[in-house]
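A note on names: the letters A, B, ... follow the listed sequences, proteins ahead of strands, and every chain is numbered from 1. Bear in mind that the values here come from a model prediction, so they are computed numbers and not experimental data.
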2 protein chains.
Amino acid sequence: MSREAAKPVFQPAVLTEEDVCRRVRDSVLEQRLAPGTRLTEDKLCTVFGVNRTVVRRAFLLLSRDKIVHLEKNKGAVVATPTPEEADEVFEARRVVESALITQAATRATPADFEGLRTHLKTEKAALAEADIARWIRLTGEFHILLARLGGNAPMLAFLEQLVFQTSLIIALYGKAGAPSNCRGDDHERLVTALEQGRPEDAIRLLTDHLNSIEAGLDFVPRDDTQDLHQIFAASAG
Amino acid sequence: MSREAAKPVFQPAVLTEEDVCRRVRDSVLEQRLAPGTRLTEDKLCTVFGVNRTVVRRAFLLLSRDKIVHLEKNKGAVVATPTPEEADEVFEARRVVESALITQAATRATPADFEGLRTHLKTEKAALAEADIARWIRLTGEFHILLARLGGNAPMLAFLEQLVFQTSLIIALYGKAGAPSNCRGDDHERLVTALEQGRPEDAIRLLTDHLNSIEAGLDFVPRDDTQDLHQIFAASAG
DNA sequence: TGATATTAAATTGTTGACAATCTTGTGCGC
DNA sequence: GCGCACAAGATTGTCAACAATTTAATATCA
């Protein structure tokens with residue numbers, strides 16, 4: 001947070017806790033909010049121009065989705081999933097997202113595919129403009145957009161939660177060189193497979209896609225405190 | 001609520017919002033709390049001996065899990081899933097619970113199976129004692145206990161949510177005569193299949209089980225207000 | 001009687017003050 | 001300098017009063 005903290009932008013209507021949640025989630029998705037970041041109530045109050053109550057409610061909802069971690073008297077911290085949790089998130093995504101895509105294969109209309117194609121173009125545009133934050137968010141939203149075609153609200157909500165957690169996991173454990181994010185043509189081929197009536201191929205593409213993301217992770221031991229010792233011991237010289 | 005409202009039972013420690021959530025969820029699972037029941041803050045405050053803040057937080061969490069429905073200035077009402085939502089819940093259960101059982105098949109230890117057998121005995125005992133409320137709760141908890149063996153926390157949490165919603169759905173649409181609840185031997189055979197290393201059979205038993213529950217539902221139109229008219233018109237004579 | 005407007009009660013929403021707790025900084029003794 | 005007790009500040013937790021809204025009850029009139 002090196003920029004000026006709390007420039008009170010004009011807010012026509014008062015934001016609700018859902019708005020605050022969405023803003024936080026979007027920031028997580030754009031990787032502008034790093035795992036482990038401390039979120040003080042006061043700060044968010046001034047940033048969003050809302051009451052402490054609203055921020056508190058937002059924290060509670062976000063903690064339920066494992067996006068922030070709440071600890072009594074300690075406040076809210078952006079969640080830092082463990083490697084084990086990361087593994088479980090990917091496993092859950094393989095299960096739920098496959099099921100939703102299977103459903104989507106039989107339900108998607110031409111208009112739906114058009115929407116997906118439009119999204120893919122937006123992705124490419126963001127990448128071409130080197131608007132990386134936006135591109136990262138869009139690649140995440142692609143999966144949600146695709147899953148929405150499955151027509152199952154509970155699973156969709158669950159998958160959204162998992163996508164946000166994936167963003168945290170990549171931020172934590174993503175190797176710098178590795179293709180930790182979605183490659184553009186992966187999405188393209190997935191849509192094509194669906195559109196051409198090859199759902200099995202689509203599912204295989206998806207699982208490969210998820211597996212390659214997971215393979216691009218590097219679970220270095222980051223044990224909070226002990227980590228700092230190692231880091232500073234190495235940087236001392 | 002015909003019984004005396006607020007006999008303040010001695011509470012050693014102050015309950016937290018999670019406690020209140022659990023109590024409400026348990027009541028839903030035991031079908032002691034009917035869908036559509038209005039939950040006033042004041043009432044729950046006196047019942048649980050907690051502050052309004054705690055009840056409010058509990059409501060927020062429960063609303064996230066679709067167990068209660070919150071409406072601005074209207075308060076909390078026990079959720080009444082629509083037939084479409086019910087369908088989606090069963091679909092989600094088939095997907096997630098199958099996956100968890102598949103995982104459980106490769107992970108469950110003899111001690112785990114012993115735990116399941118013990119639970120089955122408890123179920124039978126409750127049924128023998130004609131403690132129906134407890135039996136209903138136990139049959140629901142069986143699915144959660146089984147799913148826990150899958151070793152995937154996010155999916156487990158999601159399934160728990162779905163199980164509670166299933167309880168609401170059965171309460172709403174369960175035919176009186178139909179076997180809307182889990183039959184005891186279904187559970188027994190499921191455990192046996194798993195224990196004997198036949199996971200495919202276990203999954204088939206589960207899906208059949210869920211399908212039979214769903215088939216035992218009767219989605220009569222219950223349009224809130226209009227329903228009352230019909231009801232009283234019929235009972236007037 | 002039945003429908004509608006008005007008032008009273010009940011319920012929820014919001015706010016701010018205060019208490020409890022944690023964190024940081026300071027000073028003291030060694 | 002190091003370790004530790006202590007105090008000051010910052011942050012979160014709790015609560016109760018007040019405001020806003022909904023719901024129920026009552027009165028009024030056709």
Side-chain angles (χ1 to χ4, degrees), chain A residues 1 5-6 8 11-21 24 33 36-64 67-80 224-229 232-233 236, chain B residues 1-2 4-6 8 11-21 24 33 36-64 67-80 224-229 232-233 236:
Chain A
M1 302 291 175
Q11 231 76 354
V14 183
L15 299 179
T16 176
E17 64 262 19
E18 280 299 334
D19 298 318
V20 175
C21 281
V24 172
L33 202 51
T37 305
R38 193 164 158 53
L39 301 174
T40 59
E41 298 178 357
D42 226 18
K43 204 88 153 198
L44 292 212
C45 286
T46 52
V47 166
F48 293 120
V50 296
N51 197 281
R52 250 180 84 201
T53 312
V54 177
V55 172
R56 239 131 192 293
R57 282 202 289 255
F59 281 168
L60 203 61
L61 291 174
L62 290 169
S63 77
R64 187 103 189 92
I67 292 170
V68 308
H69 179 71
L70 284 185
E71 202 165 351
K72 170 124 176 171
N73 289 320
K74 295 278 187 68
V77 174
V78 178
T80 57
D224 295 335
T225 52
Q226 203 168 14
D227 204 28
L228 288 178
H229 278 249
F232 291 123
Chain B
M1 299 295 174
S2 58
E4 296 155 40
Q11 231 76 353
V14 183
L15 299 179
T16 176
E17 64 262 18
E18 278 301 334
D19 298 318
V20 175
C21 281
V24 172
L33 201 51
T37 306
R38 192 162 158 52
L39 301 175
T40 60
E41 297 178 357
D42 225 20
K43 203 88 149 197
L44 292 212
C45 286
T46 53
V47 166
F48 295 121
V50 297
N51 197 279
R52 253 180 85 201
T53 312
V54 177
V55 172
R56 236 130 195 292
R57 282 202 289 256
F59 281 168
L60 203 61
L61 291 174
L62 290 169
S63 77
R64 192 113 192 94
I67 292 170
V68 308
H69 180 71
L70 284 185
E71 202 166 350
K72 169 127 178 170
N73 288 322
K74 295 278 187 69
V77 175
V78 179
T80 58
D224 294 334
T225 53
Q226 202 167 14
D227 204 27
L228 289 178
H229 279 250
F232 292 123

| Base, sugar-phosphate, or nothing: which does A:T40 touch, judged by heavy atoms less than 4.0 Å apart? | sugar-phosphate

* Remember a base hit wins even if backbone is also touched, and classify B:L39 as base, sugar-phosphate or nothing at under 4.0 Å, heavy atoms. => sugar-phosphate

Could you go through the side chain to side chain contact (heavy atoms under 4.5 Å, CB included) check for A:L33 and A:V24 one step at a time? CA-CA 8 Å; A:L33 202 51; A:V24 172; 4.0 Å; yes

Could you state the atom-to-atom distance from [atom1] of [X] to [atom2] of [N] in whole Å?
{"X": "B:N51", "N": "D:dG13", "atom1": "CG", "atom2": "P", "answer": "14 Å"}
{"X": "B:R56", "N": "D:dC15", "atom1": "CZ", "atom2": "P", "answer": "15 Å"}
{"X": "B:D42", "N": "D:dT23", "atom1": "CG", "atom2": "C1'", "answer": "15 Å"}
{"X": "A:K74", "N": "D:dA10", "atom1": "NZ", "atom2": "C1'", "answer": "15 Å"}
{"X": "A:L60", "N": "D:dT12", "atom1": "CG", "atom2": "P", "answer": "15 Å"}

Residues A:L61 and A:E18: closest non-hydrogen pair is CD1-OE2, 3.7 Å

Scanning both residues in full, the closest heavy-atom pair of A:A58 with A:C21 reads O-SG, 3.6 Å

Heavy-atom nearest nucleotide on DNA chain C taken for B:F59 and for A:R38; more 5' hit belongs to B:F59

Note: chain B reaches DNA chain C at heavy-atom distances under 4.0 Å over the stretch, first to last nt, 5' to 3', of C:dT11 to C:dT14

B:N73 has its side chain closest, among D:dT14, D:dT22, D:dC15, to D:dT22

Side-chain contact check for A:K72: nearest option of D:dT23, D:dT14, D:dT11 is D:dT14

Decide side chain to side chain contact (heavy atoms under 4.5 Å, CB included) for A:R57 and B:R56; before the verdict, give the C-alpha distance in whole Å, the side-chain angles of both, and the deciding distance to 0.1 Å.
CA-CA 9 Å; A:R57 282 202 289 255; B:R56 236 130 195 292; 4.0 Å; yes

Exercise. Judged by modelled atom types alone, do A:N51 and A:T53 share a side-chain donor-acceptor pair under 3.5 Å?
Worked result: yes

Check against side chain to side chain contact (heavy atoms under 4.5 Å, CB included), A:F59 and A:L44: CA-CA 10 Å; A:F59 281 168; A:L44 292 212; 3.7 Å; yes

With A:L62 as partner, the option from A:I67, A:V78, A:L70 fulfilling side chain to side chain contact (heavy atoms under 4.5 Å, CB included) is A:I67

Is the base of D:dG13 touched by the side chain of A:R52 through a donor-acceptor pair closer than 3.5 angstrom?
yes

